[in-house]
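Numbering of ligands and ligand atoms starts at 1, following listing order. Note that the structure is predicted; figures quoted are calculated from it, not measured.
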Amino acid sequence: MNEMTAPVTQAAKTQAPSKTLPDAQTVTSVTHWTDRLFSFRVTRPASLRFRSGEFVMIGLMGDPDPATGRQKPLLRAYSIASPAWDDELEFYSIKVQDGPLTSKLQHIQQGDQIILRPKPVGTLVHDALLPGNRLWLFSTGTGIAPFASLIREPQTYEDYDQIILTHTCRDVKELDYGRELVEKVRGDDLLRELMGDALDKLVYYPTTTREPSAKMGRITDLLRSGEIFADLDAPPLDPKLDRAMVCGSIGLNTDIKEILEAAGLREGANSAPAEYVVEKAFVG
Ligand code: A2P
């Protein structure tokens, strides 16, 4: 069996972080999904409050400066993939072999420490959208991370009649994190107890662009052609009813914005809620 066929997870009981690093948190589990993707969970600072969909800066100490021997933290923005009620924090990351942070971060193991600056921010939050009926969560690659948080957040189901999560990746295996997550959400006893049938509002629409799968194509093309609406037996975008959150590469974000604006949706922010919000997925 190829070692990447099944995700490899290491898990440990939550340990209290020791404070050898500034803002240190302890890694509790790591799952390698493919040779390009992994997720991990860390302890949550007791004081950290965040809204599902927000991001924080996380990282490791950089290499020592050759002249002074001093090390500086190497930090990047990462969406929190776990919901606000979870007692740990989850992150989903790409592995870039020459990426300053992810070339190192991909080797973390349970019990290791990472740096986590406890100042959550971001626009992919319910507060940045006006009330609506249907919520679209458009993601590519690791851009699914903030939506992994939002689809585990009860408010998402309270605020909308339907939630459509789209996830586009190059290959089938790259969809695994999202697919397992959706299965877990649907089968989660606690969420089911809290939300009842409201959980069935979640629609999952995975597509691939390079490896053949049940549904192929860039989400932008599927929107422009109307194929997605036919597949879901759903009406086209309507600014009075539809709300959207977008998280992917710059190209994806730009192209989806154009489609949403053409349909009459306007970009919102925490200070001025509107019909859609966008954030770039972390890469590097
Ligand atoms: P494609 O294979 O056609 O480039 P990546 O792994 O490079 O981050 O890409 C993730 C997914 O996002 C891929 O399926 C890729 O499709 C798709 N993608 C990249 N750019 C865009 C874009 N501008 N609009 C829609 N989908 C995009």
Side-chain angles (χ1 to χ4, degrees), residues 2 4 7 31-40 53 55 76-79 81 91-103 105-106 122-124 135-151 164-182 203-232 234 236-237 242 244-263 265 267 275-284:
N2 180 314
M4 288 304 167
T31 302
H32 292 276
W33 297 91
T34 72
D35 54 7
R36 286 209 314 147
L37 295 165
F38 70 117
S39 62
F40 54 98
F55 65 83
R76 294 287 183 273
Y78 268 82
S79 290
F91 299 97
Y92 184 47
S93 179
I94 195 149
K95 307 174 194 176
V96 179
Q97 295 320 325
D98 56 359
L101 177 61
T102 62
S103 60
L105 195 63
Q106 64 183 284
T123 59
L124 302 180
L135 177 65
W136 295 87
L137 304 172
F138 294 113
S139 63
T140 56
T142 56
I144 195 173
F147 306 146
S149 175
L150 281 156
I151 65 167
I164 302 171
L165 170 65
T166 83
H167 191 205
T168 303
C169 294
R170 299 177 188 188
D171 305 327
V172 174
K173 204 91 195 72
E174 295 177 342
L175 294 170
D176 280 358
Y177 173 79
R179 203 196 56 243
E180 276 198 20
L181 173 81
V182 169
V203 176
Y204 173 52
Y205 191 83
T207 83
T208 58
T209 48
R210 304 197 190 182
E211 189 183 355
S213 70
K215 190 78 219 171
M216 291 201 65
R218 285 185 166 197
I219 195 67
T220 41
D221 294 335
L222 296 163
L223 284 164
R224 284 195 200 98
S225 69
E227 200 172 322
I228 185 170
F229 304 108
D231 288 341
L232 300 177
L237 295 174
D242 282 300
M245 296 187 180
V246 185
C247 190
S249 61
I250 292 178
L252 177 275
N253 292 356
T254 311
D255 293 353
I256 292 245
K257 269 174 91 150
E258 204 179 288
I259 293 168
L260 296 176
E261 295 273 344
L265 282 74
E267 185 166 2
E275 289 86 28
Y276 77 90
V277 281
V278 180
E279 214 143 69
K280 189 166 80 66
F282 168 72
V283 180

Below 4.0 Å from ligand 1: does a non-hydrogen atom of Leu252 turn up there or not?
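Right, Leu252 reaches ligand 1.
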Check ion pair Glu211-Lys173 (N to O, under 4.0 angstrom)
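Judged by the 4.0 Å cut-off on N to carboxylate O distance, Glu211 and Lys173 do not form a salt bridge.
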Looking only at protein heavy atoms, identify the closest one to [atom] and say how far it is in Å.
atom: atom 17 (C) of ligand 1; result: Thr140 CG2, 4.1 Å
atom: atom 25 (C) of ligand 1; result: Thr220 OG1, 3.2 Å
atom: atom 19 (C) of ligand 1; result: Arg218 NH2, 3.6 Å
atom: atom 15 (C) of ligand 1; result: Thr209 OG1, 3.9 Å
atom: atom 8 (O) of ligand 1; result: Arg170 NH2, 4.8 Å

For ligand 1 and [X], I'd like to know whether there is a polar contact (N/O to N/O, distance under 3.5 Å).
X: Gly141; value: no
X: Thr168; value: no
X: Glu174; value: no

Specify side chain, backbone, both or neither for Glu211, according to which of its non-hydrogen atoms lie closer than 4.0 Å to ligand 1.
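Answer for Glu211: neither.
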Does any donor atom in the side chain of Thr140 or Thr168 lie under 3.5 Å from an acceptor atom in the other side chain?
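Side-chain D/A pair, Thr140 to Thr168: absent.
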Give the atoms of ligand 1, by number and element, whose distance to some non-hydrogen atom of Gly251 is under 4.0 Å.
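Per the distance check, 22 (C), 23 (N).
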Distance filter under 4.0 Å to Asp255 heavy atoms, resulting ligand 1 atoms
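Contacts of ligand 1 toward Asp255, numbered from 1: 22 (C), 23 (N), 24 (N).
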Taking all atoms of both residues into account, what is the closest heavy-atom pair of [X] and [Y], and its distance?
X: Pro146; Y: Cys247; answer: CG-SG, 3.8 Å
X: His167; Y: Ile144; answer: ND1-CD1, 3.5 Å
X: Tyr78; Y: Phe91; answer: CB-CD2, 3.7 Å

Validation row: Val246, Lys257 side chains within 4.5 angstrom (heavy atoms)
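When only atoms from C-beta onward are counted, Lys257 and Val246 do not touch, as no gap falls below 4.5 Å.
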Just so I know, are the side chains of Leu181 and Phe147 near enough to count as touching, which here means a heavy-atom distance under 4.5 Å?
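Heavy-atom side-chain distance check fails, nothing below 4.5 Å.
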For the pair Phe229 and Trp136, name the ring-plane relationship: parallel under 30°, tilted 30 to 60°, perpendicular over 60°.
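Phe229 vs Trp136 ring planes: perpendicular.
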